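I have placed the structure first, in the form of structure tokens, so that the comments after it can refer back to it.
Given the structure is predicted, the values throughout are model-derived calculations rather than measurements. Excluded from the calculations below are hydrogen atoms, water molecules and symmetry mates; all remaining heavy atoms, backbone and side chain alike, are included.
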Amino acid sequence: WRVTYRGRVHSGYRGLVSALRRALEVGCPLDDAAYLANLSADDLEFILRGEGRLPLLRERLENLREVGRVLLERYGGRGERLVEAARGSAVALVRLLAAEFRSFDDRARYDGLEVPFFKRAQLCVADLYGAYGGQGLGAFADLDRLTAFADYELPRVLRHLGILRYGPELAAAVDGGRLLPAGSPEEVEIRAATVVAVERLRRALAERGVPLRAFEVDWILWNWCQEHPPAAPPHRTLTIYY
């Protein structure tokens, strides 16, 4: 799936951002909770139109409607009220997002344990920080408690750099394009190892006088991966939580 925006072709996350910007420019009120709560499948098809077709369109539609509905029912239709309810705590906002929205409640089970990744909730908080330059709605006192955002690209680049190594069977499955079911042991292990690897990398950098937070290390790795895509593919998992 690719989107052409202002003469350039974008895919993945950047394709999604381009599609949303394009929709806002033609008058789609994406910042209106009532519009989101009643978004139609045709509206979403129009917003995300491009070359190819995104997977999980029905789930994406349900997620957007959920955002609009919850904001209307509990926060007067205003996203900033939800952010303000966290009182400047990144961790509190992550937990609030996970509690209020099923689409942000990213938890897995592994060997009888609950594993809360909260990838998209953490990414939302970090994006607020970045978008607002750490001021206003982007001011959080405890950003150092965020982890890496465990998705497709980060383990791919960590593996390329030799920081993560897969066992032979897992390597064959990933390189062969086999689908790893969401919540499967292999998928959970890849995501958990990604979080741990980035934390160890953060500590190693701090020891060398480069103080970064885990999400900032994540940003650097993710952007590097966009500019220098590794030859090895990412693992394939169909999920709403990435």
Taking all heavy atoms of Asp175 and all of Ala232, pick out the closest pair and write down the distance. OD1-CB, 4.3 Å

Is there a side-chain contact between Val198 and Leu158 (heavy atoms, below 4.5 Å)? yes

Shared hydrophobic cluster, Leu93 / Val70 (ILVMFWY, side-chain heavy atoms < 4.5 Å): yes

Smallest heavy-atom separation, Leu71 atom then Gly79 atom, equals CD2-CA, 3.9 Å

Do the two ring centres, one from Phe118 and one from Tyr241, sit under 6.0 Å apart? no

Taking Glu66 for its side chain and Ser103 for its backbone only, find out whether a donor-acceptor pair lies under 3.5 Å. yes

Value rounded to 0.5 Å, distance of CZ in Arg14 from CG in Leu16: 13.0 Å

Between atom CG of Leu44 and atom CG of Leu54, what is the distance when rounded to the nearest 0.5 Å? 8.5 Å

Should Val115 and Val196 be regarded as members of a common hydrophobic cluster, given that ILVMFWY residues are connected when their side-chain heavy atoms come within less than 4.5 Å of each other, either directly or indirectly? no

Keeping the roles fixed (side chain from Glu216, backbone from Arg202), state whether a donor-acceptor pair exists under 3.5 Å. no

Could you tell me if the side chain of Val3 sits less than 4.5 Å from the side chain of Trp1, heavy atoms only? yes

NZ/NE/NH1/NH2 to OD/OE distance under 4.0 Å, Glu62 and Arg69: no

Is there a side-chain contact between Arg156 and Pro229, using heavy atoms and a 4.5 Å cut-off? yes

Give the cluster check for Phe149 versus Leu221: same hydrophobic cluster or not, with ILVMFWY residues linked at side-chain heavy-atom distances below 4.5 Å. no

Look only at the side chain of Arg8 and the backbone of Tyr5, and say whether a donor-acceptor pair between them is shorter than 3.5 Å. no

State whether a side-chain donor-acceptor pair under 3.5 Å links Glu199 with Thr147. no

Does any non-hydrogen side-chain atom of Leu212 lie less than 4.5 Å from one of Leu201? no

Looking at Arg2 and Val9, would you say the former's side chain and the latter's main chain have a donor-acceptor pair under 3.5 Å? no

Between Tyr152 and Leu179, is there shared hydrophobic-cluster membership here, with clusters defined by ILVMFWY side-chain heavy atoms closer than 4.5 Å? no

Evaluate the side-chain contact (heavy atoms from CB on, under 4.5 Å) criterion for residues Arg6 and Glu25: first the C-alpha distance (whole Å), next the side-chain angles of each, then the deciding distance (0.1 Å), finally the verdict. CA-CA 12 Å; Arg6 296 187 177 180; Glu25 289 171 359; 2.7 Å; yes

May I ask you to decide if Tyr242's main-chain N or O and Lys119's side chain share a donor-acceptor pair within less than 3.5 Å? yes

Could you report the tightest heavy-atom contact between Phe117 and Ala150, atom names first, then the distance? CD2-CB, 4.3 Å

Just so I know, are the side chains of Arg81 and Arg74 near enough to count as touching, which here means a heavy-atom distance under 4.5 Å? no

Measure the CG-CG distance between Leu30 and Leu64 for me, rounded to the nearest 0.5 Å. 8.0 Å

Any chance the side chains of Glu189 and Tyr166 put a donor and an acceptor closer than 3.5 Å? no

Check the pair Val94, Phe104 against side-chain contact (heavy atoms from CB on, under 4.5 Å), reporting the backbone distance first and the verdict last. CA-CA 9 Å; Val94 168; Phe104 281 97; over 6 Å; no

Output, in order, the C-alpha distance, side-chain angles, deciding distance and verdict of side-chain contact (heavy atoms from CB on, under 4.5 Å) for Asp127 and Leu123. CA-CA 6 Å; Asp127 279 354; Leu123 181 56; 3.8 Å; yes

Classify the ring geometry of His228 against Trp224: parallel below 30°, tilted from 30° to 60°, perpendicular beyond 60°. tilted

Output for pair (His10 NE2, Arg21 CZ), nearest 0.5 Å, gives 8.5 Å

Donor-acceptor contact below 3.5 Å, side chain Asp218 vs main chain Ala214: no

Quick one: does Leu180's side chain get under 4.5 Å of Arg236's, heavy atoms only? no

Audit row: Glu84, Tyr75, side chain to side chain donor-acceptor pair (under 3.5 Å) steps and yes/no: CA-CA 10 Å; Glu84 289 164 356; Tyr75 297 96; over 6 Å; no

Heavy-atom side-chain contact between Phe140 and Ser89 under 4.5 Å: no

Where Pro155 and Ile190 come nearest, the two heavy atoms and their spacing: CB-CG2, 3.7 Å

Hey, mind stepping through Leu96 and Val83 against side-chain contact (heavy atoms from CB on, under 4.5 Å) and telling me if it holds? CA-CA 9 Å; Leu96 185 60; Val83 177; over 6 Å; no

Any side-chain donor-acceptor pair under 3.5 Å between Glu187 and Thr237? no

Check the hydrophobic clustering (I, L, V, M, F, W, Y; side-chain heavy atoms under 4.5 Å; chains of links allowed) and say if Leu238 and Leu154 are grouped together. no

Nearest heavy-atom neighbours spanning Leu39 and Ile47: CD1-CD1, 4.3 Å

Strictly under 6.0 Å, is that where the ring centroids of Trp222 and Tyr13 end up? yes

Distance (rounded to the nearest 0.5 Å) between Arg107 CZ and Leu113 CG: 14.0 Å

Rounded to the nearest 0.5 angstrom, the OG1-CG distance for Thr239 and Asp106 is 6.5 Å

Is any side-chain heavy atom of Arg178 closer than 4.5 Å to a side-chain heavy atom of His235? no

The side chain to side chain contact (heavy atoms under 4.5 Å, CB included) partner of Phe215 among Val125, Leu146, Ile220 is Leu146

Between Tyr129 and Arg213, is any side-chain donor less than 3.5 angstrom from a side-chain acceptor? yes

Step by step, work out the salt bridge (charged side-chain N to carboxylate O under 4.0 Å, His left out) result for Glu45 and Arg53. CA-CA 9 Å; Glu45 289 270 11; Arg53 183 177 175 85; 2.9 Å; yes

